[in-house]
Trainee: 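Take a look at this one; I'll ask things after.
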There are 2 protein chains.
Amino acid sequence: MTRSSEQIEAARQDSLGRLLLNAHRAHMSVFLEKIRQQGADDRINASLTNIMTHIPAEGIRLADIAKASNMTRQSVSQFVSELETIGYVKRIPDPSDGRATLVRFSHKGWDIMQRALQVKHEIESEVAKKLTPDGYAQLIIALKIVGSL
Amino acid sequence: MTRSSEQIEAARQDSLGRLLLNAHRAHMSVFLEKIRQQGADDRINASLTNIMTHIPAEGIRLADIAKASNMTRQSVSQFVSELETIGYVKRIPDPSDGRATLVRFSHKGWDIMQRALQVKHEIESEVAKKLTPDGYAQLIIALKIVGSL
DNA sequence: CAATAATAGTAAGGTTACCTGTCCATTTTG
DNA sequence: CAAAATGGACAGGTAACCTTACTATTATTG
């Protein structure tokens with residue numbers, strides 16, 4: 001049995017690696033599109049949203065964002081500066097340690113963050129709706145397994 | 001009910017977006033590690049393996065790799081040059097079109113490609129083994145759904 | 001069938017998302 | 001208190017792309 005080039009192409013697209021990559025890209029691009037529709041700044045991107053998810057209401061030290069996000073302090077510093085330029089975040093001195101700066105949301109930033117969480121839930125239920133009843137839970141389990149290969 | 005910062009951190013890590021990213025990274029890094037153990041050149045990386053998956057035994061035009069991989073011809077050209085340096089691929093003139101070059105595997109490249117396919121299957125069955133009987137098939141379905149969001 | 005348009009590939013330089021190396025200021029610690 | 005550790009910023013580097021611009025060749029069309 002000879003396989004057409006379409007079938008070969010389909011098989012390639014079905015590999016776990018490619019599916020994971022495509023899924024991640026699609027998810028991220030839908031997410032960015034939706035939060036921009038919610039009024040997020042056009043300069044917002046994957047890296048900046050990643051940083052933002054690590055900032056709690058009370059603020060957090062730059063070095064702690066670095067630990068939580070597995071990035072260097074230098075990279076985080078750069079992204080925090082971009083967030084500062086956009087006006088989503090402020091650097092304030094840490095009262096308990098003269099070396100440290102706390103990164104804290106501005107009103108605008110906090111607002112967008114709430115909308116982002118909302119959008120995240122929307123996307124997750126959209127996916128869940130397209131799966132069998134416990135399909136979403138299974139997906140999460142499977143992804144955790146792959147993530148800890 | 002107040003949630004500890006560990007719980008909040010766990011919730012963050014459980015978001016679909018982050019799980020997809022982690023899964024993809026883990027998968028890719030395991031894949032690269034394994035094909036290097038199979039003797040792949042140390043210079044091999046995610047981009048190069050991506051290009052390689054688009055090269056069939058009979059060879060393919062650079063522009064067709066670009067279409068299949070959603071990259072520009074320029075980027076593909078660059079990666080093909082790297083593969084050529086490693087010695088996994090050759091550029092040969094397309095007899096049917098004087099403008100075109102065919103990209104074709106060298107013996108070494110073809111060999112590594114076969115090993116890579118093998119490794120890919122290994123990883124996929126390793127994942128399948130950790131899931132319920134139809135869990136892997138479900139995962140593929142779910143990933144396709146997310147990929148076409 | 002010559003002129004024009006389209007296509008294949010390359011070259012040069014730009015952007016983005018990181019990282020390393022280094023340095024300063026401020027703690028922390030022996 | 002001197003030495004080491006920590007928090008952050010600055011400068012410069014790299015990898016994976018992309019855009020712009022160009023040449024060589026093939027296809028089209030008036």
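Just so we're on the same page: letters track the sequence lines, and every chain starts at 1. What you see is a predicted model, and the numbers here were worked out from it, not measured in a lab. What you see below is based on every heavy atom in this structure, not just the backbone, and it leaves out hydrogens, waters and symmetry mates.
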Trainee: Are B/Glu84 and B/Lys90 within salt-bridge range, i.e. N to O under 4.0 Å?
Mentor: no

Trainee: For A/Glu58, is there any backbone N or O sitting under 3.5 Å from a side-chain donor or acceptor partner on A/Arg104?
Mentor: yes

Trainee: Can you tell me the distance, in whole Å, between the CZ atom of A/Arg61 and the P atom of D/dA9?
Mentor: 13 Å

Trainee: Round to the nearest Å and state the distance from B/Met28 atom CE to D/dA16 atom C1'.
Mentor: 13 Å

Trainee: Does B/Arg36 reach the main-chain N or O of B/Ile44 with its side chain, forming a donor-acceptor pair under 3.5 Å?
Mentor: yes

Trainee: Would you kindly give the CG-to-C1' distance between B/Leu21 and C/dA17, to the nearest whole Å?
Mentor: 13 Å

Trainee: To the nearest angstrom, how far is B/Met71 atom CE from D/dT19 atom P?
Mentor: 13 Å

Trainee: Whole-Å distance between C/dT7 P and B/Lys67 NZ?
Mentor: 9 Å

Trainee: Are B/Lys34 and B/Glu126 ion-paired here, with the side-chain N under 4.0 Å from a carboxylate O?
Mentor: yes

Trainee: Partners of A/Lys144 by salt bridge (Lys or Arg N to Asp or Glu O under 4.0 Å), sequence neighbours excluded?
Mentor: B/Asp14

Trainee: I'd like to know if B/Lys108 pairs up with B/Asp111 as an ion pair, taking the criterion as any Lys NZ or Arg NE/NH1/NH2 lying under 4.0 Å from an Asp or Glu carboxylate oxygen.
Mentor: no

Trainee: For the backbone of A/Ala137 and the side chain of A/Asp134, can you confirm whether one donor and one acceptor N or O come within less than 3.5 Å of each other?
Mentor: no

Trainee: Among residues 90-104 of chain B, which residues get a heavy atom nearer than 4.0 Å to DNA chain D?
Mentor: B/Asp97, B/Gly98, B/Arg99

Trainee: Can you sort out which residues in residues 42-50 of chain B have a heavy atom within less than 4.0 Å of DNA chain D? Ascending by number, please.
Mentor: B/Asn45, B/Ser47

Trainee: Using a strict cut-off of less than 4.0 Å between a Lys/Arg side-chain nitrogen and an Asp/Glu carboxylate oxygen, indicate whether A/Lys129 and A/Glu124 qualify as a salt bridge.
Mentor: no

Trainee: Is the closest side-chain donor-acceptor distance between A/Arg43 and A/Thr85 under 3.5 Å?
Mentor: no

Trainee: Describe, as an angle rounded to 10 degrees, how the axis at the first end of the helix from C/dC1-D/dG30 to C/dG30-D/dC1 is tilted relative to the axis at the last end, five pairs per end.
Mentor: 10°

Trainee: Residues from residues 73-86 of chain A sitting under 4.0 Å of DNA chain C, heavy atoms only?
Mentor: A/Gln74, A/Ser75, A/Gln78, A/Phe79

Trainee: Do B/Leu102 and B/Val76 share a hydrophobic cluster (ILVMFWY, side-chain heavy atoms under 4.5 Å, transitive)?
Mentor: no

Trainee: Among A/Asp41, A/Ile112, A/Thr49, A/Val30, which residue meets the side-chain contact (heavy atoms from CB on, under 4.5 Å) test with A/Ile35?
Mentor: A/Thr49

Trainee: Determine yes or no for a side-chain-to-main-chain donor-acceptor pair under 3.5 angstrom, with A/Thr101 supplying the side chain and A/Pro93 the backbone.
Mentor: no

Trainee: Partners of A/Arg25 by side chain to side chain contact (heavy atoms under 4.5 Å, CB included), sequence neighbours excluded?
Mentor: A/Leu21

